[in-house]
Amino acid sequence: MTETHTARAAAAGEAGPDAALPAIELAGVAKEFHSGGEVVTAVRDMDLAIREGEFFSLLGPSGCGKTTTMRMIAGFEEPTRGLIRLHGRDVTGTPPNKRDVNMVFQSYALFPHMTVFENVAFGLRRRQVPRNEITRRVGEMLEIVDLSGRERRRPRELSGGQQQRVALARALVNRPRALLLDEPLGALDLKLRQAMQVELKRIQREVGITFVYVTHDQGEALTMSDRIAVMNDGVIEQLGLPREIYEHPATRFVAGFIGTSNLLTGTVTRLAGELAVIEVSEAEQILVPVRGLRVGPGSPLELTVRPEKIDLATRRPADGACALRGTVTEVVYLGTSTSFAVTTTTGAEMVVFRQNSALAGDLAGRGDEVWLSWQPQHSYPIG
Amino acid sequence: MTALARAEAAEAARRDGPPRRRRGVRPGRVILPVYSWLVIAYLVFPIAVMIVYSFNRVTRGLQQVSFAWNGFTLQWYRQWNAVPGLTSSFWLTIRLAIAATVVATVLGTLLALALVRYRPPRFRGKTLVEQVLFLNIAAPEIVMGASLLGLFVTINLARGFLTLLLSHVAFSIAYVAVTVRARMAGFDRSLEEAAADLGANAWVTFRKITLPLIMPGILAGALMAFALSVDDFVTSNFVSGSAVPFPVWVYGATRVGIPPQVFVFGSAIFMVGICCALASIVVSRRQP
Ligand SMILES: Nc1ncnc2c1ncn2[C@@H]1O[C@H](COP(=O)(O)OP(=O)(O)O)[C@@H](O)[C@H]1O
Ligand SMILES: [Mg+2]
């Protein structure tokens, strides 16, 4: 037992006795709500294992079931089907006050009739922690979230960002095995949100607690997370590293939801080694790494290319690259880069980002005929 | 950290906003205070008359209130206890009001919580309860009083403190429930979830979070119940029997002549009322 345990921990490249046990595990979890005779399925058969100590994000559009998933982990909702395990222990039927996870609410849910100190001390007092230890731990935690000296304030006397950090401190001071954050930065304005993203990441590193982070903001998820699960309509569409999710979206939905993506459809004309070739005309072709996909000549194929991977030129590019001809329909200056909308001869609408540099000058203007090209490894087939 | 500090400073600056524009005196600014003071005077004048005449000397005949000014005296305050039935009826009213307030506030608050929290699949008959509450407030008191008397006679319950208490609770519950419910309208349930999440069980959550937050509503409801009870004549007159509360006693006394001590008690009750009103202002200022 011990041997396999350590072996698995070593394989996962993590330390700690519990590293092999997922911090949070969902097995076939589904949640249905019955409202007015109608059944709303918020989460369908979800399997998920969140590792100890990682910053894990649930990313998806509004209404896809993120909050419901979170509330089931915290214990505010019971799954209709399936099991939830916290550190290997089945928590079905365990009320929230008996679960070793804490939640940061989107509305912060700070107790308005208590001071900052009392808010943060609330959880410790429930567990009969000695008075002087409470004072010490609350003080330390307020230091971590940079709120020392604000102990006697009431929540409404604080700014939005400060309230947010009180909510964080109130949860973290209990040293939960995992912290659940439901769109914690949603109510802050852009500048503050960006600053808080950095802060949250720093605090997570400092305390080393598993963070489960719910957001509908793909930029936020990409910058902060160790791993991301992209959700849509109650299912996880893709789970992976931020880079994998961004550069190699597994489904049409993920491609469309994360960043700007160019979607192309075509028919495979032939296979060339590890590449499938979609020929548009003699000069124009798209090459796609098949990556184990079962395709042969004649099979339809859908693929994505990220806008910043595409080169824009007036002349035909060298052989070996993917190339398409088209007409520029729109040019939008974005500061550090410029976005070009191009309608290709195949009829596809493509978006291309190019860095702005003094040397390059204007690459193309509206109405210009251009060639789009990219390396085959930057096209990804969608399964 | 500096980025965070800067972003927060910007947020704070935005919240403060630009300074307010100053305006000259306009007629609209005079009409409102004048009107307000006129209304206040209209409402307070009868009470002022009572307070003033509680200091009026009686020069001839029986010790009765008269509205001719005979000179200032503190006699009635010194002899506040001199009228036999009056003092006992006053204390009965106070005891009754306290008991009725406690019972009605507890029951009314629980009812309000149930009405705010639960809907039909879980709480059948919710609409019926709401209608009954409305009827209870809207029904003429004389009907209530008569039917309560009918009930007590039918079930053969001797009229006295108990019947008074039952009746006063009956007409106060609805007011408490409505007041507490209004206060709970904006209550954020996630506060209770947060408490549970931090390890509080249902009872601790109620005591530490829910109760303190709805306390202003409960106090307002309790004040209302107390005032209704102290003040009640119609229902009490039906169900009092040998236990005669203050308003019923005074009404009985008007047929033979009101002893000046009635004005003393009246003034005292008014003063207590003022104190309660001030207390409620303080309480509501303190809470968000
Ligand atoms: N208590 C509830 N009763 C009925 N439907 C609900 C309830 N909570 C959530 N839902 C429904 O479940 C779906 C997922 O909601 P939610 O988990 O809040 O999504 P998200 O947090 O991703 O925006 C939505 O369609 C929502 O309307
Ligand atoms: Mg949500």
Side-chain angles (χ1 to χ4, degrees), chain A residues 34-36 71 74-76 95-114 118-128 145-146 154-156 158-162 165 167 170-171 173-174 176 180 182 188-199 202, chain B residues 1-17 117-124 126 183-219 282-288:
Chain A
H34 298 262
S35 57
R71 290 173 60 82
F76 300 124
N97 53 323
K98 302 246 168 64
R99 295 191 187 195
D100 205 4
V101 295
N102 281 129
M103 185 150 165
V104 175
F105 290 78
Q106 182 165 10
S107 61
Y108 311 147
L110 296 179
F111 307 131
H113 58 300
M114 296 184 188
E118 289 166 332
N119 265 280
V120 178
F122 191 86
L124 297 177
R125 285 188 178 151
R126 300 288 79 71
R127 289 189 283 138
Q128 264 85 46
V145 299
D146 202 38
R154 302 259 165 173
R156 66 167 175 282
L158 301 176
S159 73
Q162 290 171 335
R165 283 178 283 146
R170 184 177 69 175
V173 77
N174 306 297
L180 312 173
D182 189 2
L188 305 180
D189 61 52
L190 183 66
K191 268 266 158 55
L192 197 52
R193 194 156 70 226
Q194 287 168 344
M196 274 306 296
Q197 288 172 5
V198 178
E199 275 297 281
R202 173 185 69 78
Chain B
M1 207 54 249
T2 45
L4 186 61
R6 229 176 309 127
E8 271 178 3
E11 194 202 356
R14 235 185 336 280
R15 257 185 311 143
D16 291 343
R117 296 270 150 109
Y118 304 114
R119 12 204 112 258
R122 182 92 191 270
F123 183 3
R124 281 172 215 289
K126 176 178 161 154
R183 175 75 194 186
M184 283 206 68
F187 190 88
D188 183 3
R189 288 301 297 275
S190 69
L191 293 177
E192 291 172 329
E193 291 186 340
D197 189 58
L198 293 166
N201 60 30
W203 168 242
V204 172
T205 301
F206 180 73
R207 204 162 46 86
K208 297 266 176 193
I209 307 298
T210 318
L211 198 57
L213 286 175
I214 63 172
M215 195 42 96
I218 295 177
L219 285 181
V282 170
V283 167
S284 63
R285 284 266 167 88
R286 222 186 42 203
Q287 297 290 331

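In what follows, every chain begins at residue 1, and chains take the letters A, B, ... in the order their sequences are listed.
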Engineer: Quick one: what part of A:Leu124 sits under 4.5 Å from any heavy atom of chain B, side chain, backbone, both or neither?
Structural biologist: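 A:Leu124 has no heavy atom closer than 4.5 Å to chain B.
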
Engineer: Check each atom of A:Arg71 against the heavy atoms of chain B and say whether the ones under 4.5 Å are side chain, backbone, both or neither.
Structural biologist: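 For A:Arg71, side-chain heavy atoms alone lie under 4.5 Å from chain B.
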
Engineer: If the condition is side-chain hydrogen bond (donor to acceptor under 3.5 Å, both in side chains), which residues does B:Asp188 pass it with, not counting sequence neighbours?
Structural biologist: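 Applying side-chain hydrogen bond (donor to acceptor under 3.5 Å, both in side chains) to B:Asp188 gives B:Ser190.
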
Engineer: Any donor-acceptor pair under 3.5 Å linking the side chain of B:Arg183 with the backbone of B:Pro216?
Structural biologist: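 Looks like no, no N/O pair under 3.5 Å.
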
Engineer: Please confirm whether A:Arg170 makes a cation-pi placement over A:Phe111, using NZ or CZ under 6.0 Å from the six-membered ring centre and within 45° of the ring normal.
Structural biologist: yes

Engineer: As an exercise: rank A:Gly123, A:Pro95, A:Pro176, A:Gly75 by heavy-atom pairs under 4.5 Å with chain B and give me the winner.
Structural biologist: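 Among A:Gly123, A:Pro95, A:Pro176, A:Gly75, the one with the most close pairs to chain B is A:Gly123.
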
Engineer: Under 3.5 Å, which donor-acceptor pairs link side chains of residues 196-207 of chain B to any protein atom two or more places apart or in another chain?
Structural biologist:
| residue | atom | partner | partner atom | Å |
| --- | --- | --- | --- | --- |
| B:Asp197 | OD2 | A:Asn102 | ND2 | 3.4 |
| B:Asp197 | OD2 | A:Met103 | N | 2.6 |
| B:Asn201 | OD1 | B:Trp203 | N | 3.2 |
| B:Asn201 | OD1 | B:Val204 | N | 2.9 |
| B:Thr205 | OG1 | B:Asn201 | O | 2.8 |

